[in-house]
Amino acid sequence: MDAVNLLGFDLPGLAAYCEQLGEKKFRATQLFRWIHQKGASDFEQMSDLAKSLREKLKGNAHIAALPVISEHVSTDGTIKWLFDVGNGDAVEAVFIPEDDRGTLCISSQAGCAVGCRFCSTGHQGFSRNLGAAEITAQLWFAEHNLRKRLNTTERVISNVVMMGMGEPLQNYDQLVPALKTMLDDHGYGLSRRRVTVSTSGVVPMIDRLREDCPVALAVSLHAPTDPLRDQLVPLNKKYPIAELLDACNRYLDKAPRDFITFEYCMLQEVNDSPEQAHELVRLLKNKVNCKINLIPFNPFPASGLTRSTNARVQAFAEVLIQAAIVTTVRKTRGDDIDAACGQLAGEVQDRTRAHIRMVRAPVTVAKSS
Ligand code: SAH
Ligand code: SF4
């Protein structure tokens, strides 16, 4: 029998597992703290656990990180890890340090089935869902690796965003235990407002997340009308904008913040005209409490699309701000390490390029009062 990777369990899951081994449930809390708070991977280290339990765990379970294929450190402090998830697939996690926080961007799938036109992951298609252990392993590794290099026992990662590779809400069952581990006081102890799920709009799963684990929500909107969104985000044909906005409003009464973040990738002469900004205002103003995050497009050859000029981004933002919609433009982080990724070979290079967009952090350019 394959060893069970304990990184995949949230605390109730680990308690159930301990019971299965014939152990008291409360042992799980000690074990969970060893794993997530102390970063232990060797059961022998866990000195306050009974020897008999340690022996059972050694025979049945392990705490397994993902093999690191590469690490790139930017001059601005951004760190990007590429992890091997087997069969030629690789996923990325990116750490973005800022003055008042440290954000980790995590992947949920190898590839993605949604197929957005402007997304290189979407162009590559879907390979497979990550398991809960593989999702949590990205945080477990990054947090404890960073603590070691910074020579601290304090928490380094204060925020997690599910904005890496894949559509998290199309991998719901594996996502939720990972989120719960992030939130658990015996795990990473992150508040719900510091964990963000970004989705292209899987409406029924937005409703389920609202019930099961209502963390902060970011929705990838990218267009003010259905005909355009149908083209950019094919999932829109299944869940059109009106249904998506209704789901956002339902989510808001459980959400940790009183707004939804809408992401809008700025594509030159596709979705970035002042008229489209006005359409966006008409769509959202007094309809959904929101903030808009404009993301300058990261071009890749197969897309046939180009990044909006700064002037167009500013003009678009101005229309939204005039309408008193809080609007931010993402600034580029870690640009220098994107280039370095080109040194990787084949499949891995493709997947890395797909995630250049992750090395971006939000910066506020203007706020309405
Ligand atoms: N699948 C989820 C989360 C991962 S994508 C989602 O779509 O929301 C994270 C964000 O990066 C999304 O807003 C996505 O639209 C955006 N994005 C994808 N490709 C991009 C690119 N080439 N340039 C800029 N942003 C991109
Ligand atoms: Fe998938 Fe998100 Fe990329 Fe769309 S933008 S293809 S949903 S990862």
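Remember, it's 1-based here, ligands and their atoms both numbered in the order they're listed.
Atom numbering of ligand 1 starts at 1 in the shown order; those under 4.0 Å from a heavy atom of Thr199 are 6 (C), 8 (O). Every atom of ligand 1 with a heavy atom of Cys119 under 4.0 Å away is listed here by number and element: 18 (C), 19 (N). Annotation for ligand 2: atoms under 4.0 Å from non-hydrogen atoms of Gly122 are 6 (S). Residue Gly115 approaches ligand 2 through these ligand atoms, each under 4.0 Å from one of its heavy atoms: 6 (S).
Taking 4.0 Å as the cut-off, Gly164 counts as a neighbour of ligand 1 on heavy-atom distance. Ligand 2 is never approached by Ser220 to a heavy-atom distance shorter than 4.0 Å.
Evaluation of the side-chain contact (heavy atoms from CB on, under 4.5 Å) rule for Asp185 yields no partner, not counting sequence neighbours.
Polar contact check, Ser120 against ligand 1: no nitrogen or oxygen pair lies under 3.5 Å apart. The shortest N/O to N/O separation between Ser198 and ligand 1 falls below 3.5 Å. Checking only distances, Phe118 does come within under 3.5 Å of ligand 1, N or O to N or O. Ligand 1 has a nitrogen or oxygen under 3.5 angstrom from a nitrogen or oxygen of Gly166.
Panel note: side chain Arg54, backbone Leu49; a donor-acceptor pair is recorded below 3.5 Å. The main-chain N or O of Gly131 is never found under 3.5 Å from a side-chain atom of Gln174 such that the two would form a donor-acceptor pair.
Taking backbone and side chain together, Cys119 holds an N, O or S atom under 2.8 Å from atom 3 (Fe) of ligand 2. Among the backbone and side-chain atoms of Cys112, none of the N, O or S atoms lies under 2.8 Å from atom 4 (Fe) of ligand 2.
Within the structure, every pair that satisfies the side-chain hydrogen bond (donor to acceptor under 3.5 Å, both in side chains) test and touches residues 269-280, not counting sequence neighbours, is listed here: Asp272-Ser308, Asp272-Arg312, Ser273-Gln276, Glu275-Arg282.
Contact annotation for Val219 and ligand 1: no heavy atom of the residue comes within less than 4.0 Å of the ligand. Here Met165 has no heavy atoms under 4.0 Å from ligand 1, in either its backbone or its side chain. At a 4.0 Å heavy-atom cut-off, ligand 1 touches Ile295 through the side chain alone. Contact annotation for Glu263 and ligand 1: only side-chain heavy atoms (C-beta onward) come within less than 4.0 Å of the ligand.
Under 4.0 Å is where a charged nitrogen must lie from a carboxylate oxygen, and between Glu71 and Arg149 at least one such pair does.
Heavy-atom neighbours of Lys24 NZ from other residues, nucleotides or ligands within 6.0 Å: at or below the threshold of 12.
Of the candidates Pro296, Pro299, Ser220, Ser220 brings a heavy atom nearest to atom 6 (C) of ligand 1.
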**OP:** Check the pair Glu134, Gln138 against side-chain hydrogen bond (donor to acceptor under 3.5 Å, both in side chains), reporting the backbone distance first and the verdict last.
**Re:** CA-CA 7 Å; Glu134 294 171 309; Gln138 297 168 62; over 6 Å; no
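Under the 4.5 Å side-chain heavy-atom criterion for Ile, Leu, Val, Met, Phe, Trp and Tyr, Leu235 and Leu283 are members of the same hydrophobic cluster.
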